[in-house]
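To start, the structure under review is shown below, and the notes come after it.
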Amino acid sequence: MAPTGRAALLAALGTLPVGIWEPSWAGILAVNAPLALACACDYALAAPVRRLGLLRSGDTSARLGEAADVTLTVANPSNRPLRAELRDAWPPSSWLPGTEVTASRHHLTIPPGERRRLTTRLRPTRRGDRQADRVTVRSYGPLGLFARQGSHRAPWTVRVLPPFTSRKHLPSKLARLRELDGRTSVLTRGEGTEFDSLREYIPGDDTRSIDWRATARQSSVAVRTWRPERDRHILLVLDTGRTSAGRVGDAPRLDASIDAALLLAALASRAGDRVDLLAYDRRVRALVQGRAAGDVLPSLVNAMALLEPELVETDARGLTATALRTAPRRALIVLLTSLDAAPVEQGLLPVLSRLTQRHTVLVASVADPRIARMAKSRGTTDAVYEAAAAAQSQADRHRTAEQLRRHGVTVVDATPDNLAPALADAYLALKAAGRL
C-alpha cells in the first residue's frame with residue numbers, strides 16, 4: 001500500500017523504508033546533513049548582489065515603431081564568480097505584446113573583478129518618456145541549489161517620438177513649393193505677393209495680372225508673375241481635449257493631428273515661414289516659439305512626444321485668447337480639432353470672429369474611414385441601419401464645415417492617412433492665392 005501522511009513525508013526525506021521504524025526529527029537532520037551542508041555552501045559561494053555596479057548607456061530616443069537599444073554594464077567587484085539571471089524591468093508599453101519576458105531577461109556569468117555588457121532592445125508601443133524600473137539580479141551558487149536576490153536602481157529614460165509617417169509626402173509637396181517659389185518655369189500669380197517678372201499672356205491668366213504699360217511698349221500682352229511671400233507666421237494649434245482621445249483605427253485622433261502638423265511644419269519651414277506650436281485644452285500643454293528654421297522640426301517632435309489627450313472639454317475661449325497672445329500679428333492659424341457639431345457650435349463658433357478678424361484660419365479634422373464604409377453598407381437590416389447612421393453623421397460634419405466656411409475659415413476634413421497631404425495642399429493653395 002502506498003504510504004500516506006507523515007510516513008510519506010519521512011519516506012520522501014530519505015529515511016529507512018516505511019513501516020520498519022519511525023525516526024525522530026533529529027534523525028532526519030542527521031540523515032540529510034550532507035544535503036543541508038551542500039545548500040549552505042552553495043549559498044555562501046553565490047556572488048553577492050548588493051555590491052554589483054550597474055551603469056547604463058545607449059539610445060535616449062526612438063521613433064514610435066522603431067527599436068531602441070539600451071546597454072547595461074554589470075560589474076562584479078567580489079572575489080566570487082557571478083552566475084546570475086537578470087531582469088531589466090521597463091513599463092509594459094516598452095515592448096511589443098507578448099515579448100516582455102524574452103526581451104527583459106538575461107543570463108550572465110561574470111568572473112571576479114570583471115564586467116559584462118547586456119543589451120535590452122525596447123520596442124515601444126506608445127509615445128512619451130519610458131523610464132527604466134528596477135534591475136533585479138538572482139545570483140546562483142555553483143550547484144544551483146540556492147540563490148541570492150536583490151534589486152538595483154539604474155535610471156534611464158528613452159523618449160518615444162512621433163513616427164512622422166507622412167514624411168513620404170514631403171518631396172512631392174516641396175516640388176510644388178518650388179513651382180510656387182519661382183524656381184521652375186511654372187510661375188503662379190498670388191494677389192498681394194512679391195512681384196517677380198513679366199511674361200507673355202496665356203489664355204486663362206487672370207486679367208488683373210496684365211501690365212498695361214509694358215503691353216503698350218511691345219507687340220504682345222505682358223503679364224506680371226509673382227513670387228509667394230516668405231517669412232509668414234504659421235501657428236499650429238493642437239486641441240488636446242476629450243475629442244482628441246477618440247480612436248480612429250488603432251490610434252487616437254491626436255496622433256493623426258500630430259502627424260499632419262509635422263508635415264506642414266516641415267513644408268512651411270522650407271518655404272521660409274516661421275512655425276510655432278500651441279497645444280491646449282484647458283491650459284497650455286505645449287508651446288514652441290521662436291525657433292530657427294533648422295531647429296523647428298526637432299523642437300516640435302520633442303514637444304509633441306509628450307502630448308496625451310485629456311478627458312476634459314476644451315475651453316474655446318481660453319484657446320482663442322492664448323492663440324491671440326501667441327500670434328499678436330497677422331498669421332495663418334491652423335487649428336487641428338474635431339468637427340463634431342456640439343463642440344464647434346457651442347465652443348468655437350461664438351469666439352471664431354476674434355480669430356478671423358486678424359488672422360487667416362484653417363481648421364483640420366480627422367474623419368473616421370469606418371463611417372464612409374458604413375454609409376455604403378447594404379444587404380441586411382443591420383447594414384441599412386448602419387448606413388443611415390453613417391449618412392446622418394456625415395451630414396452633421398458637412399453642415400458644421402459649411403458653418404465654418406461661412407465665417408471665412410478654410411476646412412480640411414480627411415481620414416488619418418489623407419489628412420497630412422490634404423493639409424499641406426491647403427497650405428500651398430493659400431500661399432499661391434496670396435492669402436498668407
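Quick caveat: nothing in here was measured; it's all calculated off a predicted structure. The analysis underlying the following values was restricted to heavy atoms, covering all of them including side chains, and did not include hydrogens, waters or symmetry mates.
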Out of curiosity, [X] [atom1] to [Y] [atom2], how far, rounded to the nearest 0.5 Å?
{"X": "Arg176", "Y": "Tyr427", "atom1": "CZ", "atom2": "OH", "answer": "12.5 Å"}
{"X": "Tyr385", "Y": "Ser377", "atom1": "OH", "atom2": "OG", "answer": "14.5 Å"}
{"X": "Leu307", "Y": "Ser244", "atom1": "CG", "atom2": "OG", "answer": "9.0 Å"}
{"X": "Ile258", "Y": "Leu336", "atom1": "CD1", "atom2": "CG", "answer": "9.5 Å"}
{"X": "Asp273", "Y": "Leu267", "atom1": "CG", "atom2": "CG", "answer": "9.0 Å"}
{"X": "Asp417", "Y": "His169", "atom1": "CG", "atom2": "NE2", "answer": "8.0 Å"}

Kindly indicate, with the supporting measurements, whether the criterion side-chain contact (heavy atoms from CB on, under 4.5 Å) is fulfilled by Asp368 and Thr415.
CA-CA 6 Å; Asp368 191 344; Thr415 60; over 6 Å; no
Contact summary for [X] and [Y], nearest pair of heavy atoms:
{"X": "Ala375", "Y": "Gln394", "value": "CB-OE1, 3.8 Å"}
{"X": "His233", "Y": "Thr326", "value": "CE1-O, 4.0 Å"}
{"X": "Pro416", "Y": "Pro369", "value": "CD-CD, 3.9 Å"}
{"X": "Ala390", "Y": "Ile371", "value": "CB-O, 3.3 Å"}

Taking only residues two or more places apart in sequence or in another chain, which ones pass salt bridge (charged side-chain N to carboxylate O under 4.0 Å, His left out) with [X]?
{"X": "Arg51", "answer": "none"}
{"X": "Arg127", "answer": "Asp255"}
{"X": "Arg405", "answer": "Glu402"}

Ignoring hydrogens and geometry beyond distance, is a side-chain donor-acceptor pair present between [X] and [Y] at under 3.5 Å?
{"X": "Ser299", "Y": "Arg291", "answer": "yes"}
{"X": "Asp281", "Y": "Thr240", "answer": "yes"}
{"X": "Ser338", "Y": "Ser365", "answer": "no"}
{"X": "Ser393", "Y": "Asp396", "answer": "no"}
{"X": "Ser104", "Y": "Asp88", "answer": "no"}
{"X": "Arg330", "Y": "Thr360", "answer": "yes"}
{"X": "Arg130", "Y": "Ser93", "answer": "yes"}
{"X": "Thr120", "Y": "His106", "answer": "yes"}

Pair Leu430-Leu332, side-chain contact (heavy atoms from CB on, under 4.5 Å): steps then yes or no:
CA-CA 9 Å; Leu430 289 172; Leu332 170 63; 3.9 Å; yes
> Counting N and O atoms only, with roles assigned by atom type, does the side chain of Arg247 sit under 3.5 Å from a partner on the main chain of Asp250, one being a donor and the other an acceptor?
Replying inline: yes
message: If you apply the rule side-chain contact (heavy atoms from CB on, under 4.5 Å), what do you find for Val344 with Gln403, and how did you get there?
response: CA-CA 9 Å; Val344 173; Gln403 288 180 297; 5.5 Å; no
Q) Where do Ser78 and Asn76 land on the side-chain hydrogen bond (donor to acceptor under 3.5 Å, both in side chains) test, with the steps shown first? A) CA-CA 6 Å; Ser78 70; Asn76 177 20; 2.8 Å; yes
Do the side chains of [X] and [Y] get close enough for a salt bridge, i.e. N-O under 4.0 angstrom?
{"X": "Arg242", "Y": "Glu310", "value": "no"}
{"X": "Asp315", "Y": "Arg282", "value": "no"}
{"X": "Arg116", "Y": "Glu114", "value": "yes"}

The single option from Leu262, Asp259, Leu64, Leu300 that satisfies side-chain contact (heavy atoms from CB on, under 4.5 Å) with Pro162 is Leu262
Carefully, step by step, assess Leu238 and Tyr280 under the rule side-chain contact (heavy atoms from CB on, under 4.5 Å). CA-CA 6 Å; Leu238 284 173; Tyr280 192 95; over 6 Å; no
